[in-house]
Amino acid sequence: STIVLIFEAPKDFNFHLKPGQKIRFGEALGSL
Amino acid sequence: FHTAATRTLFRLRPFYFLVATGGGYVGYRQYEKYRDRELERLGLEVPPRLAGEWEVALYKSVPTRLLSRAWGRLNQVELPTWLRKPVYSLYIWTFGVNMKEAAVEDLDHYRNLSEFFSRKLKPQARPVCGLHSVISPSDGKILNFGQVQNCEVEQVKGVTYSLESFLGPRTPGDELPFGSQEPAREAGQGEPAGAAQAPAHCSFQNQLVTKEGNELYHCVIYLAPGDYHCFHSPTDWRVAHRRHFPGSLMSVNPGIARWIKELFCHNERVVLTGDWKHGFFSLTAVGATNVGSIRIYFDRELHTNSPMYSKGSYNDFSYISHSNKEGIPMRKGEHLGEFNLG
């Protein structure tokens with residue numbers, strides 16, 4: 001299964017991620 | 001004897017034909033993978049090899065929903081206590097499950113694999129990040145993330161799907177974050193969103209972005225079979241609307257996501273839309289063959305992976321009513337729903 005987030009945010013929104021990385025619930029996805 | 005031999009031969013021919021064509025197809029695919037690896041080794045960019053229409057049609061013709069429901073029925077069978085440890089230990093070993101995080105570590109507690117699959121975690125197992133405005137709603141693997149460009153969302157690098165096909169066309173009613181004033185469309189009467197003309201396509205993305213200077217972002221998280229399969233609210237937001245797309249239940253593992261364009265638009269999915277402090281926000285749970293059912297804890301009306309559905313349709317449900325103008329408020333990290341087997 002898959003979860004897809006689609007959202008609007010200001011231009012300076014940043015993801016703290018790398019493609020392919022494992023992630024766990026509660027960890028940061030991104031912020032301004 | 002003569003006719004018997006001919007009859008047998010005649011009966012066996014289709015079998016041999018299938019084996020030969022299947023083997024040839026698999027062999028050719030292996031050769032393509034080998035060639036791609038060689039090109040990558042030479043440092044050349046290899047474009048993703050997408051499935052042809054006939055391959056997608058062939059895959060979609062597989063009764064994945066029926067298989068999924070049968071898989072679900074099988075996993076609802078209560079296991080005798082002596083069988084639970086061996087079965088669940090095999091699953092734990094196969095998919096690398098970490099039972100130390102489970103709220104209940106005793107394997108005999110779980111009556112069947114479905115219950116085991118929907119296990120909860122110890123509250124302290126997943127601390128919720130207080131610093132960042134958006135957190136991961138689940139365990140999993142990041143398939144892709146970034147800005148949405150030209151109404152196309154990347155399911156994996158280089159393979160996209162249409163934003164409008166995925167979310168469905170804008171829905172009437174001022175309570176929705178889409179904010180359109182189109183005449184009301186009966187629930188379930190929706191036609192595939194692809195019906196919108198090209199010019200509307202780009203305006204679709206612009207209409208999702210409600211504030212000047214904002215952009216549209218996306219993030220795709222793949223949950224592997226051994227992962228914790230509940231999901232939580234990724235931020236503080238209000239859920240205003242749910243759109244359920246009955247659909248196929250093809251596998252969504254990264255290899256298939258690299259092969260079938262628009263995969264997420266073919267599959268059964270539940271789109272929750274609303275808004276957060278910066279405007280539009282949506283979370284979509286996409287089902288797969290072994291995980292065909294999606295539960296949203298505050299939505300008792302939702303029934304997924306049911307036998308009867310009409311292809312290309314969708315069902316709308318608004319959480320905003322006369323008595324509840326706000327929709328469903330969700331705090332960051334709050335329990336939101338779960339994927340179930342079958």
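In this text, all values refer to a predicted model and were calculated from it rather than measured experimentally. So you know, we letter chains A, B, ... as the sequences are listed, proteins then strands, and number each from 1.
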Short N-O contact, E268(B) and R65(B), less than 4.0 angstrom: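 Here E268(B) pairs with R65(B) in a salt bridge, since their nearest N and O are under 4.0 Å apart.
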
Note: R170(B)-E164(B) ion pair, threshold 4.0 Å (strictly below):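 The answer is no: the pair does not qualify as a salt bridge.
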
Counting heavy-atom pairs closer than 4.5 Å to chain A, which one of [options] comes out on top?
options                            : result
L121(B), V153(B), N267(B), V220(B) : V220(B)
F231(B), F264(B), W237(B)          : F264(B)
K332(B), E215(B), K277(B), K211(B) : E215(B)
A288(B), G130(B), S136(B)          : S136(B)
E212(B), H218(B), H232(B)          : H232(B)
G292(B), P137(B), G287(B)          : P137(B)

In terms of heavy-atom proximity below 4.5 Å to chain A, should [X] be classed as side chain, backbone, both, or neither?
X       : answer
W276(B) : side chain
D227(B) : side chain
A257(B) : neither
E101(B) : side chain

Ring-face cation contact, F25(A) with R126(B), 6.0 Å cut, 45° max: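 No, cation not above the ring by the 6.0 Å, 45° rule.
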
Interatomic spacing from OG in S233(B) to CZ in R331(B) - rounded to 0.5 Å: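 Between atom OG of S233(B) and atom CZ of R331(B) there are 9.0 Å.
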
Salt bridge (charged side-chain N to carboxylate O under 4.0 Å, His left out) between R238(B) and D275(B), worked out: CA-CA 6 Å; R238(B) 288 181 317 150; D275(B) 48 17; 2.9 Å; yes

Ring centers of F145(B), Y217(B) separated by less than 6.0 Å: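 No - the distance between ring centres of F145(B) and Y217(B) does not fall below the 6.0 Å cut-off.
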
Centroid separation H229(B) to F117(B) less than 6.0 Å: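 They qualify: ring centres under 6.0 Å apart.
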
